[in-house]
Amino acid sequence: MNSSLPPSETAIRIAVVGDVHDLWGEEDAIALRHLGVDLVLFVGDFGNEAVGVVEQIAALDLPKAAIFGNHDAWYSATDWGRKKCPYDRSREDRVQQQIDLLGTAQVGYSTLDLPQFGLSVVGGRPFSWGGAEWRNASFYAERYGINSFEESAQRICDAVQAATYETILFVGHCGPVGLGDQPESLCGRDWKPLGGDYGDPDLAAGIAYAHSAGKRVPLVTFGHMHHGLRHRKDRIRERIQVDRPRNTVYLNAASVPRIVQTEAGFQRNFSIVTLRENQIESASLVWVDQRFEICAEELLYKVANPAVMIS
């Protein structure tokens, strides 16, 4: 980012890190430096309450914002998870440990203002499983005092209201409802019974509120619904949609596994988004090799080559 120009006139290079699932190391921090990113957004699922992974990410010396996914409360949010918990929950609270480690970088139900970029990051509901059913009621009641989608949506709207800047980036673990109901849609259900929109209604309500309040929302990014589909292997999930009237790009960054081993060595993926003058200029999925060079890149969106518009 060229800091000699006002934030609205500079290009901001953003890395979105999809579902980590324990695949993170020192090499990732080095790779981000080589990619020259200004801001890193994490969409959650660091591991099954993987405090060590979160500790490494918290130490990342770059501007960052993160939200937690369902796996980040794997042993704490559900009855069956608590029964399988490998540690003594009466003596240790790994969910809270993760929250404390990330501090202000954790944006679930909150706002992170970034004056150096002239924008704010707002988080959706942390630890989301997606879907239209209000799940893990006791977990949300105890941790957040939230008892319904309506109350959850209000918390997200409150975070929008608290944002200092008119430009807002939304980060969720699961994306918002409204991006399609096919199994291949960005948040589509790809397990039986096939089909149905598995997006978060409370996140959708928060985004709608931001739009109605006159905020600019150039990017909504999330993960949870992996690119690889469970019901078919001849294609992958849709990754991007654009609400063109509102200039909002919706990006699913969950390319899993995010680190793979090839004959040439380990390769790791990041979604790279360029923001200029409060709108998304381009978005790509890139793979970085052991020399920290981009060895593969898939262009998902470019202003000159628009993606499919939401109807």
Check: Are Ile168 and Val121 side-chain neighbours, meaning at least one heavy-atom pair lies under 4.5 Å?
Finding: no
Margin query: When you measure from the side chain of Arg268 to the backbone of Val288, do you find a donor-acceptor pair of N or O atoms at a distance under 3.5 Å?
Written below: no
Notebook entry, point to check: Can you name the nearest heavy-atom pair linking Ala50 to Asp22, along with the distance?
Noted result: CB-OD1, 3.6 Å
Notebook entry, point to check: Considering only heavy atoms from C-beta outward, does the side chain of Arg276 approach that of Ile12 to under 4.5 Å?
Noted result: no
Notebook entry, point to check: Are a donor atom and an acceptor atom from the side chains of Glu49 and Ser76 found within less than 3.5 Å of each other?
Noted result: yes
Notebook entry, point to check: So Trp24 and Arg258, side-chain contact (heavy atoms from CB on, under 4.5 Å) or not? Walk me through it.
Noted result: CA-CA 9 Å; Trp24 182 269; Arg258 62 165 303 271; 3.6 Å; yes
Check: Considering only heavy atoms from C-beta outward, does the side chain of Arg33 approach that of Ile30 to under 4.5 Å?
Finding: no
Next item on the list: Determine, using the 4.5 Å side-chain heavy-atom cutoff (strictly less than), whether Tyr165 and Val122 are members of one ILVMFWY cluster.
Entry: no
Check: Please walk me through it: do Trp287 and Val260 pass side-chain contact (heavy atoms from CB on, under 4.5 Å)?
Finding: CA-CA 10 Å; Trp287 289 87; Val260 298; 3.7 Å; yes
Margin query: Here's a test for you: under ring-ring contact (aromatic ring centres under 6.0 Å, His included), which of Phe139, Tyr140, Trp129 qualifies with Trp134?
Written below: Tyr140
Notebook entry, point to check: Is any side-chain heavy atom of Asp100 closer than 4.5 Å to a side-chain heavy atom of Gln97?
Noted result: no
Next item on the list: Report yes if some heavy atom in the side chain of Tyr75 is under 4.5 Å from a heavy atom in the side chain of Arg94; otherwise report no.
Entry: no
Notebook entry, point to check: Of the non-hydrogen atoms in Leu179 and Asp197, which two are nearest, and what is the gap between them?
Noted result: N-OD2, 3.6 Å
Check: Closest heavy-atom contact between Leu23 and Pro257?
Finding: CD1-CB, 3.7 Å
Item checked: Point-to-point distance, once rounded to the nearest 0.5 Å, from OH of Tyr198 to SG of Cys187 -> 11.5 Å
Checklist line | Reported CD-to-CD distance for the pair Gln98 and Gln106, which is rounded to 0.5 angstrom | finding: 10.0 Å
Note to self: Are Leu35 and Phe292 packed together at the side-chain level, in the sense that at least one heavy-atom pair is separated by less than 4.5 angstrom?
What the structure shows: no
Check: Between atom CG of Leu62 and atom CG of Leu60, what is the distance when rounded to the nearest 0.5 Å?
Finding: 4.5 Å
Next item on the list: Indicate, with yes or no, if Ile259 and Val54 share a hydrophobic cluster defined by side-chain heavy-atom contacts under 4.5 Å among Ile, Leu, Val, Met, Phe, Trp and Tyr.
Entry: no
Item checked: Which residues share a side chain to side chain donor-acceptor pair (under 3.5 Å) with Ser110, sequence neighbours left out -> none
Margin query: Nearest 0.5 angstrom please: His211 NE2 to Tyr209 OH, how far?
Written below: 13.5 Å
Notebook entry, point to check: When clusters are formed by joining ILVMFWY residues with side-chain heavy atoms under 4.5 Å apart, either directly or through shared neighbours, do Val303 and Ile280 land in the same one?
Noted result: yes
Checklist line | Residue pairs fulfilling side chain to side chain donor-acceptor pair (under 3.5 Å) with at least one residue in residues 185-195, sequence neighbours excluded | finding: Asp190-Arg237
Next item on the list: Look at the side-chain heavy atoms of Ile, Leu, Val, Met, Phe, Trp and Tyr, link any pair under 4.5 Å apart, and say whether Phe68 and Met225 land in one connected group.
Entry: no
Check: Excluding sequence neighbours, so at least two apart, what forms ring pair (Phe, Tyr, Trp, His ring centres under 6.0 Å) with Tyr109?
Finding: Tyr144
Notebook entry, point to check: Do the side chain of Ser128 and the main chain of Gly130 share a donor and acceptor less than 3.5 angstrom apart?
Noted result: yes
Notebook entry, point to check: Taking the side chain as C-beta and beyond, is there a heavy-atom pair between Ile14 and Val37 under 4.5 Å?
Noted result: no
Next item on the list: Verify, without hydrogens or angle tests, whether Asp88 (side chain) and Ser90 (backbone) share a donor-acceptor contact under 3.5 angstrom.
Entry: yes
Notebook entry, point to check: Is it true that a side-chain atom of Lys83 and a backbone atom of Asp79 form a donor plus acceptor pair closer than 3.5 Å?
Noted result: no
Note to self: Could you tell me if Thr274 and Arg13 have a donor-acceptor pair between their side chains, going purely by distance under 3.5 Å?
What the structure shows: no
Note to self: Could you work out, with side chain to side chain donor-acceptor pair (under 3.5 Å) as the rule, every residue matching Gln279, not counting sequence neighbours?
What the structure shows: none
Note to self: Students often mix this up, so state it plainly: with edges at 30° and 60°, are the rings of Trp74 and Trp80 parallel, tilted or perpendicular?
What the structure shows: perpendicular
Note to self: Test your reading of the model: is there a side-chain donor-acceptor pair from Asn147 to the backbone of Ala137, 3.5 Å cut-off?
What the structure shows: no
Next item on the list: Mind checking the CZ-CD1 spacing from Phe42 to Ile67? Nearest 0.5 Å is all I need.
Entry: 13.5 Å
Next item on the list: Answer with yes or no whether the hydrophobic clustering places Leu41 together with Leu300; edges join I, L, V, M, F, W, Y residues whose side-chain heavy atoms lie under 4.5 Å apart.
Entry: yes
Check: Is the closest side-chain heavy-atom distance between Cys174 and Leu203 below 4.5 Å?
Finding: no
Checklist line | For Ser138, all residues meeting side chain to side chain donor-acceptor pair (under 3.5 Å), sequence neighbours excluded | finding: none
Next item on the list: Determine whether the side chains of Asn70 and His173 contain a donor N or O and an acceptor N or O closer than 3.5 Å.
Entry: yes
Margin query: List the residues meeting side chain to side chain donor-acceptor pair (under 3.5 Å) with Arg125, not counting sequence neighbours, and say none if there are none.
Written below: Asp200, Asp202
Notebook entry, point to check: Are any of the side-chain nitrogens in Glu166 or Arg216 under 4.0 Å away from the carboxylate oxygens of its partner?
Noted result: no
Notebook entry, point to check: Of all heavy-atom pairs between Gln267 and Asp289, which one has the smallest distance, and what is that distance?
Noted result: CG-CA, 4.3 Å
Check: Side-chain donor-acceptor pair under 3.5 Å between Asp158 and Gln154, yes or no?
Finding: yes
Check: Salt bridge between Asp243 and Arg246, side-chain N to carboxylate O under 4.0 Å?
Finding: yes
Margin query: Ignoring hydrogens, what is the shortest heavy-atom contact between Asp19 and Ala254? Give both atom names and the distance.
Written below: OD1-CB, 3.6 Å
Next item on the list: Decide, yes or no, whether a salt bridge links Arg291 with Glu293 under the criterion of side-chain N to carboxylate O below 4.0 Å.
Entry: yes
Next item on the list: Check step by step if ring pair (Phe, Tyr, Trp, His ring centres under 6.0 Å) holds for His21 and His226.
Entry: CA-CA 11 Å; His21 292 298; His226 298 177; 5.3 Å; yes
Note to self: How close do His227 and Ala253 get, counting heavy atoms only, and between which atoms?
What the structure shows: NE2-C, 3.8 Å
Check: Given the rule in the side-chain contact (heavy atoms from CB on, under 4.5 Å) test, do Glu184 and Arg235 qualify, once you have shown the distances and angles that lead to the verdict?
Finding: CA-CA 9 Å; Glu184 301 83 10; Arg235 60 162 294 179; 3.6 Å; yes
Notebook entry, point to check: Between Thr248 (side chain) and Val217 (backbone), is there a donor-acceptor pair under 3.5 Å?
Noted result: yes
Notebook entry, point to check: Would you find a donor on one side and an acceptor on the other, under 3.5 Å apart, between the side chain of Asp72 and the backbone of Phe46?
Noted result: yes
Checklist line | Rounded distance (nearest 0.5 Å) linking atom NE2 of His71 with atom CG of Asp45 | finding: 5.0 Å
